[in-house]
Amino acid sequence: MKTITLEEFLNDIDTLTIHFTLAAVLLPLLAFIINFSLPGRLHKLAGWVSTIAILLSCIISASVFSKVWNSHHVHQQMLWFTIGDTKVYAGVLLNNLSVLMLLLVNFIALPVHIYSTAYMKDDEGYNRYFAYLSFFCFSMLALVVADNLVLFYTFWELVGFSSYLLIGFWFTRDSAVQANKKAFIMNRVGDIGLLTAIIILFAQFHTFDISQLFADKGVISQSVIQGGTWIAPLGNMPAVWQYIACGGLFLAVAAKSAQFPLHTWLPDAMEGPTSISALIHAATMVAAGVFLLGRVYPLFNGAELTILALIGCFTAFMAATIALTQNDLKRILAYSTISQLGFMIMAMGIGAYASSLFHLATHAFFKCLLFLVAGIVIHQMAHIKKDNSLDIDPQNILTMGGLRKKLPLTFIAAIIGGLALVGLPLTSGYLSKDGILIQAFEWSDGKSGFYKIIPITAVLTTWLTAFYVARLILKVFFGELKVLSDHPGIQIHIGDGGWRYKLPLILLAVCCLFPLFSVSPLLYEQAWLFQGLTLTIRAVHANIYHTLIPVSVNILSVLVIYGAYMMYVKRKGNIFLQSGFLYRLSAGEWYFDRIYNSVIVKPILFLSTAAFWIDRTIIDGFINALADIGIKIAKLCAWIDHHIIDGFLNLLVVIVEAVGNFARRFQGGKVQYYLFSMLVIVLLLFILKTVF
Amino acid sequence: MNILTLLIFTPILFGVIVAVLPSAWRGSFKYITLLATLVQLGLSVWIYCNFKTGAGFGGVNHESQFQFVQKLPWIDLDLGTMGKMQIDYFVGIDGLSIALLVMTSLILVIAALASWEIKSNLKGFFVLFLILDMAVIGVFCSLDFFLFYIFYELMLLPLYFLIGMWGGARREYAAIKFFLYTLFGSVFMLLVMVGLYLSVKDPATGNHTFNMVQMMNPANYEPGSVFSALSHQTIFGFPARAVGFVVLFIAFAIKVPVVPLHTWLPDAHVEAPTPVSIILAGILLKVGGYGIIRVCISIFPDIASADAYWLGLLGVISILYGAMNALAQKDLKRMIAYSSVSHMGFVLLGIASQTAEGISGAVMQMVSHGFLSTMLFFLAGVVYNRVHDRGIGHFRGLASIMPQYAAFVMIAFFASLGLPGFSAFIGEAFSLMGAFKSHSVNGLLPYWMAVCGSVGILLGAAYFLWTLQRMFFGQVNLKGGSVWQTALTDLNFHEKITLVPLALLVLVLGLMPSLVFDKVNDSVLALVQFLQFK
Amino acid sequence: MISLNDFLIVSAVLFCIGLYMIVSKRNAIQILIGIELMLNAAILNLVAFGKYDRFFNGGQMFALFAIVLAAATTAVALAIILNVYRQYKTIDPGRIDKLGDE
């Protein structure tokens, strides 16, 4: 009987896990291929193909998660290709972070798929939609398990590419095409950053392998910056390249996770179907940025992390202020996403690594829920618009109101999602967000007063969040239906929709409450997810922040919500001046688009026109001038040829001709001439003889 | 019979058949040409499969390590006191040529398929096509400089006529511009070639030789000769070897093309018929890149290292300048032509780095660009054949009326802008990686060049996506109205079988770059070692 | 008294007239006459110089012989001219330029 050592046994299990992972990743790809090759009459199957694929993938990833979470890293790879002396491997790296993301992506994608089968059922591009959707999921799933940077970059860009396809899904709409181009090019800026960072890391460490680079004992942890030089085990480089690598990575994160200054694509990206927005904003696209930051975290040093925190904090605040005044339902949610992502980036910056990823997970659920709610609302408003042939914007919250009676389940889901977004107790949002706030205060404690700006802004942002969430929900679900009061007598037949709408809402709403994450509703340290991701076991600080901050923040949040209620539902005074500078700044989204257009887009287009002008006028002009000179010289040569060289020859000819003509006369064939000549010559001879 | 010889001269056999057949059979010419290219493809695939790899098959500067070699005395003249003049028919391949050889044969098949659109003077067209075919294959196989030069010049003539006779409105201008540009380069190349011949002696026979492999060995240079590294001769006050290198580089840089020697390319591409555009962009530009690797830097490695900074700089300028120009174009083919300038800049940057990553990346980029530019020009030809217009602004919403065409355009565009999963990404990324690594490995290129080069990738996304947005998305709005709408039919079967293999190939090469790298690697390592050893 | 010189002068004048006729006349008959004149000038010279050979009278003898010969050649020449005239319908030697068979 063959005995199996423990190690072999573990290896077998690992191999099995890897196979499971590969299956989970490749199932959506398979669905993508099947959907694209479906013959025309089977198009309606596409939804089920994708949904079943993601369901299976979800189950498999749950089993992978249970095997890997908090137990051990699994890493297997095979040779992909060799270039020079460098061997590039492709493989799967599973640790707490990647299995969490694997599960999260699948778990968010599943309700979105189910929802989409109903939401998109009347669309012409039904199978195209699901093909893209599956491809999107595949790219994201592969991204989270990729074990080296080349592979990571590959899927990183594929995520961007598939989001390009989905944002521009309705490609006959100009705004959609504009938006997807903007999204892709802005993401490309980030990609360039990532590529630059990868190139720098490769030149410095001679490897692409993520675990070799970023593990606890990885080569990055062995490299130091000393006296302007970045010293690594295998080579040195000026320190500035370490900053550039970090800068590149930050650009990548900023582009994917919509951070200042590359955030403007995300609000425009709502031109895609709402279900896609749900996926992009929750688990796939924007999460990739934070995930990247989680992967490469060891590279960043103190000062760089502070910059990260500042930018995250600024983004969170800026986006929250913009969200205050927007009237487009999806735009408000888009800015809230940017704001929440700002929180995550800030958390990374202040060293709250686990809290950041924890917030990523909780945010995924409630943001997905809110978008699905928005999708239902917009769908119903579009119904009203279509049934009554009205000229309204189905996404404008000013036309809505009082929908809580018509859409009760949607209303409840919206309340849960909204509360989680604000971060009130008993929701998952409370656990993750308060964790970030508390750690922000702790972080700023040992530092100068300037650093206090970060936690204070964060708290301010929380209150702003409370206000715009309250405004959104109140305007949509409370009061009277605006359309009805504007156009009395219209037909309204709307409802929550079938089980394919309801099931995802219920599923996600449940996940937005605390029990999924923590047994204790109030202490974020108790959350299993937080514990599983904490880098170093820290002594629990039992300081005053842990009670003071949650209490004060939440009480004020509730007050803000009450204020909003008074303002929008009871109509007791409006504190905002619609014409003030701040209002315009917020409604104009801080004028980023305008600035980018005039500072970047226009100069580049001008530069390209100038380059073409140089090409045509200077380079070609030079060539043409050369050709002209050549022709001139040629003409001169031709003239010389004609008049001088040929002239000389012609002169010779003329002379010879004259001589010939002269001599010819003696050869006239006339006897008498001959005789005469003879006579003359004889006479001449005689004369000559006589003279000489 | 040597397989390379067979490969080189197969097309000319078929060309003779085409020339002999009466014009009444003109319908069969395209099939004969296609058959010729298919036979060639078969042969080159056989060569690819039987190509041996390993440290012993590096090639580059070791004559014995070349494969499928055939060496026959060709011109043998006894010059009395001046010794013997010997020119060999010497063909053989190593890793640097194999990938390009296979790519070339494949693109020739596609070009033959694209020649279906030619309607006038078929006999002339196909005979010239097959002569061109022979010449380009010959260039990639020859190891004797004289033979190389003959094939190199032989490419020019058919191209001149192909552009000048079957081209667009300004074809004469384009053809003569192309011809003079390239002739300008190659005439001076002839002088350097003769100079090298007079400097190099074959150690085995003691005669002067045109053998390129012998030219790479500094020991073979006669002391005191023009190009001997030790004699420090000068030409017009400049070091002779530097002059030789620069002259050869200019000759090949015109082909690549490198800014500012590129302006023949947009004109030639725009005016050329589709199959000629394909051959121009797909193969001819690679001849330039191949020439730089095989001839320029291999024969003058010392100068190549000393001037690497300038080569890299030219590469970066080409990348950015080409991309900028592409952004400004209003003609689809011209936009693609400028994108070629930009993409070939990566090749030059990779070569200039003289690292294994950079040179492999450059070869990969050449192979990938060969397929992609073929695909792009073919696609531009599709819409041009239907409505005889290529203005980007004249079309809108094409995706609605030609969905399959739009799908292929998207594949080609995204592959070209360096989307991972397609071959161009591997080529560009590793060219840049090599360029960046160069500073720490051999100190040739500064770090910033790679970073600037990567901006080209960003601009690439900008011009391709903008074109996509303007031509393919949005509501249908065509300049020619309903006439165009009926004329713009979706891809037919013949077009699809042309495009599908190309799309598959760029995908396969992107997923399995080892198909190229495995064959190339040994030679690249040998070359890098040779360059470092100098 | 008539001296030898007088004969020689007459002979020279005759010769010159003959020569002139040959060179300048456009008529073959006249040219023939010119030839005869030159011959006669020669014969006159023979006769004149014959006084130095009184013993054999070689001069007179040779002159007679030459006269006979001249008559014969004139006959032949006239015959040729006649034939030429038949052929060309002219006897201007300047216009007779085809010698070979047609």
Side-chain angles (χ1 to χ4, degrees), chain A residues 79-86 88 150-151 153-158 161 164-165 168 171-174 176-178 180-181 184-185 188-189 191-192 195-196 198-200 202-204 206 235-238 241 244 604-605 607-616 618-620 622-623 627 630, chain B residues 177 180-181 259-260 262-263 266 321 323-329 355-357 359-361 397 399-400 414 417-421 425 429-430 432-434 436-437 439-440 447 450-451 454-455 457-459 461-463 465-466 468-469 472-476 512-514 517-518 521 524-525 528:
Chain A
L79 186 63
W80 187 15
F81 59 89
T82 312
I83 181 162
D85 302 321
T86 315
V88 181
V150 177
L151 215 54
Y153 182 83
T154 302
F155 293 113
W156 177 266
E157 273 222 42
L158 286 186
F161 171 64
Y164 170 86
L165 292 176
F171 59 80
T172 50
R173 289 187 194 169
D174 282 335
V177 178
Q178 198 77 35
N180 74 348
K181 183 185 70 176
F184 195 84
I185 291 179
R188 211 79 217 278
V189 176
D191 297 343
I192 300 305
L195 185 64
T196 309
I198 292 175
I199 289 173
I200 293 171
F202 174 67
Q204 177 77 327
H206 303 268
N236 300 327
M237 210 179 263
W241 292 99
I244 291 177
I604 284 185
L605 286 181
L607 210 61
S608 77
T609 320
F612 188 50
W613 181 83
I614 289 174
D615 220 49
R616 292 278 91 171
I618 297 186
I619 299 183
D620 254 14
F622 177 69
I623 301 287
Chain B
K177 198 171 178 185
L180 290 180
Y181 243 116
V259 174
H262 66 284
T263 55
Y321 185 81
M324 277 295 181
N325 266 303
L327 203 55
Q329 296 313 312
T355 54
E357 285 84 358
I359 294 175
S360 303
S400 306
F414 274 95
L417 63 81
L419 189 74
F425 162 68
F430 281 95
L432 291 175
M433 246 167 239
F436 192 84
K437 210 179 159 186
H439 187 83
S440 42
Y447 288 126
V451 179
S454 65
V455 176
I457 298 183
L458 176 65
L459 290 172
Y463 60 75
L465 291 192
W466 199 27
L468 213 51
Q469 180 203 350
F472 291 90
F473 298 142
Q475 298 292 342
V476 180
M512 291 191 284
S514 50
F517 286 146
D518 280 355
N521 218 2
V524 168
L525 285 175
V528 170

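Protein chains get the first letters and strands the later ones, always in sequence-line order, with residue 1 at the start of each.
- Partners of B:Y447 under the ring-ring contact (aromatic ring centres under 6.0 Å, His included) rule, at least two apart in sequence or in another chain, are A:W241, B:F436, B:H439.
- Neither the backbone nor the side chain of A:L151 comes within contact range of chain B; no heavy atoms are under 4.5 Å apart.
- Looking at B:L468, only its side chain comes within 4.5 Å of chain A, counting heavy atoms on both sides.
- Within the 4.5 angstrom heavy-atom criterion, only side-chain atoms of B:L525, from C-beta onward, approach chain A.
- Listed options A:L607, A:T609, A:V88, A:I198 were ranked by heavy-atom pairs under 4.5 angstrom with chain B; first place goes to A:L607.
- A distance of 8.0 Å separates CG in A:D85 from CG in B:N521, rounded to the nearest 0.5 Å.
- Note on ring orientation: taking the six-membered ring where Trp is involved, the planes of B:F473 and A:F171 are tilted (angle from 30° to 60°).
- At a 4.5 Å heavy-atom cutoff, the contact between A:L195 and chain B is made by side-chain atoms alone.
- Heavy-atom distances place both the backbone and the side chain of A:I614 under 4.5 Å from chain B.
- Between B:M433 atom CE and A:I199 atom CD1 the span is 5.0 Å, to the nearest 0.5 Å.
- Within the 4.5 angstrom heavy-atom criterion, only side-chain atoms of A:I623, from C-beta onward, approach chain B.
- In this structure, the portions of B:A461 lying under 4.5 Å from any heavy atom of chain A include both its backbone and its side chain.
- With hydrogens and angles ignored, the 3.5 Å screen pairs no side-chain donor or acceptor of A:Y153 with any backbone N or O of B:P420.
- Within the 4.5 angstrom heavy-atom criterion, no atom of A:D191 approaches chain B.
- One distance of note links CD1 of A:I185 with CH2 of B:W466; it measures 10.0 Å at 0.5 Å rounding.
- Between B:L419 and A:Y164, every side-chain heavy-atom pair lies at or beyond the 4.5 Å cut-off.
- Counting heavy-atom pairs under 4.5 Å between each of A:A627, A:A203, A:P238, A:A611 and chain B puts A:A611 at the top.
- Proximity of A:R188 to B:L417: side-chain heavy atoms (C-beta onward) are separated by under 4.5 Å at one or more points.
- Proximity to chain B involves both the backbone and the side chain of A:I604, based on heavy atoms less than 4.5 angstrom apart.
- Only the side chain of B:S440 comes within contact range of chain A, judged by heavy atoms closer than 4.5 Å.
- For the pair B:L327 and A:S608, the tightest heavy-atom approach, listed with the atom from each and the gap, is CB-CB, 3.7 Å.
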Next item on the list: Applying side-chain contact (heavy atoms from CB on, under 4.5 Å), run through A:L165 and B:F414 and close with a yes or a no.
Entry: CA-CA 11 Å; A:L165 292 176; B:F414 274 95; 5.7 Å; no
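- Contact of B:Y181 with chain A is made through the side chain alone, with heavy-atom distances under 4.5 Å.
- Taking the six-membered ring where the residue is Trp, A:F81 and B:F517 present tilted rings, their angle falling between 30° and 60°.
- Residues that satisfy the side chain to side chain donor-acceptor pair (under 3.5 Å) test with A:D174, not counting sequence neighbours, are B:R396.
- For chain B, the nearby parts of A:T82 are the backbone and the side chain; heavy atoms of each come within less than 4.5 Å.
- The nearest pair of heavy atoms linking A:T196 to B:S454 is OG1-OG, 3.8 Å.
- Side-chain contact between A:D620 and B:K177: present, with at least one pair of heavy atoms (C-beta onward) separated by less than 4.5 Å.
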Next item on the list: Evaluate the criterion side-chain contact (heavy atoms from CB on, under 4.5 Å) for residue pair B:T263 and A:F622; output intermediate values, then yes/no.
Entry: CA-CA 11 Å; B:T263 55; A:F622 177 69; over 6 Å; no
